[in-house]
Amino acid sequence: LPAAGPIPRALAWAIDFGIRLGLLMAASMVLGLMGEAGMGLYLVLLFAVFWLYPIVCEGLFAGQTPGKRALDLRVVSSDGAPVGWLAACVRNLMRTVDMLPFGYACGLVSGLVDPWGRRLGDLVAGRRCGPGDVPGVRGCAGWAGGRHKQPRLPGEQMHHREGVPG
């Protein structure tokens with residue numbers, strides 16, 4: 001599985017950050033008209049947009065946020081399977097640690113030290129971020145477990161030793 005480096009991941013994050021800011025700016029214009037109640041709703045929305053946005057996107061869209069989709073990145077498990085809800089929650093809540101002491105320093109150091117470029121959240125959740133083609137996920141060509149695999153038709157089996165369809 002080829003890993004996504006820090007630059008594509010940072011660009012994907014910047015795209016998602018822009019989307020989040022746009023959502024919050026639009027909501028602030030509407031909620032600002034509601035006075036103090038609007039401010040309370042805005043704070044709840046602020047929390048939801050910054051913490052739930054990546055979890056919901058990765059859970060619903062097979063490991064992709066709009067930023068990751070724009071750069072053809074996807075979060076998958078170590079064996080290439082699509083990310084699940086629990087893993088999406090764990091890896092995104094670990095952003096708190098990845099951000100320490102500032103500017104995603106821990107996550108960057110972790111990504112540079114780990115052979116697969118995983119930040120701490122990825123390590124804890126057992127996930128990787130890499131190119132967007134994953135077997136079994138709509139529109140994906142096929143990679144898993146660190147080696148390219150040929151897609152098989154339903155019912156085809158691989159011989160363990162030969163690596164050829166049987």
**Request:** Kindly indicate whether the side chain of S110, heavy atoms from C-beta on, has any atom under 4.5 Å from the side chain of L123.
**Result:** yes
**Item:** Student check: side-chain heavy atoms of R20 and P54 closer than 4.5 Å
**Value:** yes
Identify all side-chain donor-acceptor contacts of residues 25-38 below 3.5 Å with residues at least two apart in sequence or on another chain.
residue	atom	partner	partner atom	Å
S28	OG	L24	O	3.4
S28	OG	M25	O	2.8

**Asked** Which atom names give the shortest non-hydrogen contact between L71 and A12, and what distance separates them?
**Response** CD1-N, 3.2 Å
**Prompt:** Does F17 share a hydrophobic cluster with Y42, counting links as ILVMFWY side-chain heavy atoms below 4.5 Å and allowing steps through other members?
**Reply:** yes
**Request:** For the residue pair L120 and C106, establish whether any side-chain heavy-atom pair is separated by less than 4.5 Å.
**Result:** yes
**Asked** With sequence neighbours excluded, what pairs up with R95 under the side chain to side chain donor-acceptor pair (under 3.5 Å) test?
**Response** N92, Y104
**Message:** Let me check something: do V124 and M99 share a hydrophobic cluster, defined by ILVMFWY side-chain heavy atoms less than 4.5 Å apart, either directly or through other members?
**Reply:** no
**Request:** Could you name each residue pair satisfying salt bridge (Lys or Arg N to Asp or Glu O under 4.0 Å) that touches residues 107-121, not counting sequence neighbours?
**Result:** D98-R119, D114-R118
**Prompt:** What is the distance from atom CG of L52 to atom CG of L45, rounded to the nearest 0.5 Å?
**Reply:** 10.0 Å
**Request:** State yes or no: do L23 and I15 share one hydrophobic cluster built from I, L, V, M, F, W and Y residues joined by side-chain heavy-atom distances below 4.5 Å, directly or via other members?
**Result:** yes
**Message:** Quick check against the 3.5 Å criterion: does Q64 have a side-chain atom that pairs as donor or acceptor with the backbone of V75?
**Reply:** no
**Message:** I want to check something: taking the side chain as every heavy atom from C-beta on, are W51 and L93 in contact at a cut-off of under 4.5 Å?
**Reply:** yes
In residues 4-11, what donor-acceptor pairs under 3.5 Å come from side-chain atoms, sequence neighbours left out?
residue	atom	partner	partner atom	Å
R9	NH1	G117	O	3.1
R9	NH1	D122	OD2	3.2
R9	NH2	D122	OD2	2.7

**Item:** Minimum-distance pair of heavy atoms, taken over all atoms of V83 and A62
**Value:** CG1-C, 4.5 Å
**Request:** Using side chain to side chain donor-acceptor pair (under 3.5 Å) as the criterion, list what pairs up with R127, not counting sequence neighbours.
**Result:** none
**Fill in**
Closest non-hydrogen atoms of M94 and G121, given as atom of the first, atom of the second and distance, are CB-CA, 3.4 Å
**Asked** Is it true that R74 and E58 make a salt bridge, defined as a side-chain N closer than 4.0 Å to a carboxylate O?
**Response** no
**Asked** Honestly curious: do L41 and F50 fall in one hydrophobic cluster under the side-chain, below-4.5 Å linking rule?
**Response** yes
**Prompt:** Given side chains that start at C-beta, do those of L60 and W85 come closer than 4.5 Å, heavy atoms only?
**Reply:** yes
**Message:** Applying side chain to side chain donor-acceptor pair (under 3.5 Å), can you list everything that pairs with Y53, at least two apart in sequence or on another chain?
**Reply:** D16
**Request:** Indicate, with yes or no, if I19 and V56 share a hydrophobic cluster defined by side-chain heavy-atom contacts under 4.5 Å among Ile, Leu, Val, Met, Phe, Trp and Tyr.
**Result:** no
